[in-house]
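Since the structure comes first, as structure tokens, the remarks are kept for the end.
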Amino acid sequence: MFKKFSSEDVSSQNQVKASVQRKIRQSIAEEYPGLEPVLDDLLPKKAPLIVAKCQNHLNLVLVNSVPLFFNIRDGPYMPTLRLLHQYPDIMKKLQVDRGAIKFVLAGANIMCPGLTSPGGALDDEVEAETPVAIMAEGKQHALAIGFTKMSAKDMAINKGIGVDNMHYLNDGLWKEVSKSKQINLMHFVISQMERLE
């Protein structure tokens, strides 16, 4: 999904109206109830909310030039990995074994055997077409965000693709968020220096 993503893939950026902003906030609050206490900090009502439309029907939700969520074809919103690392318990989790890590980090979809073998872990409550955090055996933070193609119970059959890999560490979106944070930090430092002069 974001393997070769860059800012050039953004075809348009629009500040959304208050009604659209409320709809986005409501969708995110329903999908991730764990974010409810911090939702006003993440998506401030007074701050401009930008929706960037990209190729392949991809939408990014940006606040202060930082992508926080994305969705495809009006599907469910999914947090970026950086946001997930800040709030690790907002999504259901599946875990891959050590052997699958390098493939996931190369952008491969998550195959059922990587989730059902020793070292892998399934959450029986996960249904098909659900955004999930992909954890790695022996690691603390998520290495990817995926969208299930089948329920966890069906993954136990141990055949086929269990989860579409949507966003993973060091993909294009991860790198773009790093750039935008560096730019925001640079603007902050410059503004502080100007105040001191």
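Reckoned from all heavy atoms, side chains included, excluding hydrogens, waters and symmetry mates. Position 1 is the first residue of the sequence; numbering continues from there.
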Please list all pairs passing the salt bridge (charged side-chain N to carboxylate O under 4.0 Å, His left out) test where one or both residues lie in residues 43-56, with sequence neighbours left out.
none
So do [Y] and [X] actually touch side chain to side chain, heavy atoms under 4.5 Å?
X    : Y    : value
I134 : N165 : no
M111 : F103 : no
H141 : L81  : no
L68  : L62  : no
M78  : F69  : no
N56  : I72  : no
Q21  : L43  : no
K149 : D164 : yes

Nearest 0.5 Å please: distance from the [atom1] atom of [X] over to the [atom2] atom of [Y].
X    : Y    : atom1 : atom2 : answer
Q140 : H85  : CD    : NE2   : 9.5 Å
I50  : N59  : CD1   : CG    : 13.0 Å
F147 : N71  : CZ    : CG    : 10.0 Å
I145 : L169 : CD1   : CG    : 9.5 Å
L122 : L115 : CG    : CG    : 5.5 Å
L143 : M135 : CG    : CE    : 8.0 Å

Determine whether a donor-acceptor pair (N or O, by modelled atom type, separation under 3.5 Å) exists between the side chain of E137 and the backbone of G120.
no
Does the T148 side chain pair with the main chain of E127, one donor and one acceptor, at a distance under 3.5 Å?
yes
Is I157 linked to V126 within one hydrophobic cluster, defined over Ile, Leu, Val, Met, Phe, Trp and Tyr using a side-chain heavy-atom separation of less than 4.5 Å?
no
Can you tell me if OH on Y87 sees more than 12 non-hydrogen neighbours from other groups inside 6.0 Å?
yes
Run through K92, K153, K93 and flag the one making a salt bridge (charged side-chain N to carboxylate O under 4.0 Å, His left out) with E125.
K92
Compile the donor-acceptor pairs under 3.5 Å between side chains in residues 29-42 and protein atoms, sequence neighbours left out, one pair per line.
| from | atom 1 | to | atom 2 | distance (Å) |
| --- | --- | --- | --- | --- |
| E30 | OE2 | Q26 | NE2 | 3.1 |
| Y32 | OH | Y77 | O | 2.5 |
| D40 | OD1 | R25 | NH2 | 2.5 |

Check each of V104, D97, L105 against I101 using the side-chain contact (heavy atoms from CB on, under 4.5 Å) test, and report the only one that passes.
L105
